[in-house]
2 protein chains.
Amino acid sequence: MMKAKVQDPAREAWALLRNIAFVMKERTFALASEFDLAPMQVHALRTLEPGEEVPMSALAGTLHCDPSNITGITDRLEARGLIERRSSPHDRRLKLLALTSEGEAVRERISEALDTPPPEIESLSRADQRALRDVLRRAGGEGL
Amino acid sequence: MMKAKVQDPAREAWALLRNIAFVMKERTFALASEFDLAPMQVHALRTLEPGEEVPMSALAGTLHCDPSNITGITDRLEARGLIERRSSPHDRRLKLLALTSEGEAVRERISEALDTPPPEIESLSRADQRALRDVLRRAGGEGL
DNA sequence: TATTGTTATACTCTATAACTATA
DNA sequence: TATAGTTATAGAGTATAACAATA
């Protein structure tokens, strides 16, 4: 007699995580569209901390893309008035990126939306929320 | 005396999930590169089941993109010999997409890699794996 | 008339390579 | 020589609009 194949729990958990990632991507895209921004522009905006100045090369590192791409991304965000290029007093090769006040405001609204858990997570019991957090921490937290 | 702000468990769990999604995206991209495919081509390949014929419009629906994009994606996969266009005997407007035998082989290798949980998940205790699976199921499973 | 797929157009992201100006 | 940013170029994904063939 054949026994129904039992899914490996790790495999099923992984499939569920992949599904969440997919939905997350769509939500992020929809949110970016609301602000008339491309996903990468949102990512760049989130990378810049209010009041901070970061060299373009540093942004390329954080965004895991070639420095040549940063020029265009920066151009578009600067054209929108959300960030600005500043020169460095110490090294005239560097250009430092900083949020404008409007950029800070937009970044704040976007971050709040992205950092807020969706109803599916909010509606879990506190015990489930803690269990989820704890297991994910044990799975590596930052690493994975 | 100030007490350190305690993170909402749902919020922290959500942050951990976002982090996982980010790493997942990078891994998928790296895997696609190994096969010299673009991420969207991998997604399309995974959508097509072996032995199945699906209209291009159906693929557009599954991939959540405009039908006009499917033409290019199909062109590139067909040029690689991984899929082929077939005509429908019932409706001559339709073009049916199907994996070639090479396409099935590539799809199988890619799917196995994507469906296999990473070490971070595999190395969790069985109890943690089940707990993760169960909480994610309760969080909506397919929905979120 | 409506639908399927294609084409034309335009924009964003992606990398590589060559270039400039600094250091 | 080496580094930071730019430009040129090319390929891939994205959407909109107009089109041909078919229903």
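Just so we're clear, the structure is a prediction, and the values are computed from it rather than from any experiment. Chain identifiers are assigned alphabetically (A, B, ...) following the order of the sequence lines, protein sequences preceding nucleic acid strands; residue numbering begins at 1 within each chain.
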Residues which pass salt bridge (charged side-chain N to carboxylate O under 4.0 Å, His left out) with [X], listed by chain and number, not counting sequence neighbours:
X	value
E34(A)	none
R109(B)	none
R46(A)	D115(A)
E102(B)	none

Other than [X], which residues form its hydrophobic cluster under the rule that side-chain heavy atoms must be closer than 4.5 Å?
X	result
L96(A)	L94(A)
V106(B)	L31(B), F35(B), L37(B), M40(B), V42(B), L45(B), L48(B), V54(B), M56(B), L59(B), L63(B), I70(B), I73(B), L77(B), L82(B), I83(B), L97(B), L99(B), I110(B), L114(B)
F29(B)	none

Take the protein atom CG of L37(B) and the nucleotide atom C1' of dG13(D), then report the distance between them rounded to whole Å. 14 Å
Which whole-number value in Å describes the distance from D75(A) CG to dT6(D) P? 7 Å
With nearest nucleotide decided by heavy atoms, which residue, G72(A) or T71(B), maps closer to the 5′ end of DNA chain C? T71(B)
Tell me which of A38(A) and P55(B) sits closer to the 5' end of DNA chain C, going by the nucleotide each one is nearest to. P55(B)
Are R27(B) and V23(B) close enough, and set up right, to give a side-chain contact (heavy atoms from CB on, under 4.5 Å), and what steps lead you there? CA-CA 6 Å; R27(B) 285 195 184 155; V23(B) 175; 4.0 Å; yes
Per the ring-ring contact (aromatic ring centres under 6.0 Å, His included) rule, what does the pair list look like for residues 92-134 of chain A, sequence neighbours excluded? none
Give every residue pair that meets the ring-ring contact (aromatic ring centres under 6.0 Å, His included) criterion with at least one member in residues 106-128 of chain A, sequence neighbours excluded. none
Protein N or O to nucleotides 14-19 of chain D N or O, pairs below 3.5 Å:
unit_1	atom_1	unit_2	atom_2	d
dA15(D)	OP2	D66(B)	N	2.8
dA15(D)	OP2	N69(B)	ND2	2.8
dA15(D)	N7	N69(B)	OD1	3.1
dT16(D)	O4	S68(B)	OG	2.8

Contact boundaries of DNA chain C with chain A (under 4.0 Å, heavy atoms), 5' to 3'? dT12(C) to dA23(C)
Contacts to DNA chain C from residues 78-98 of chain A, heavy-atom cutoff under 4.0 Å, which residues? D91(A), R92(A), R93(A)
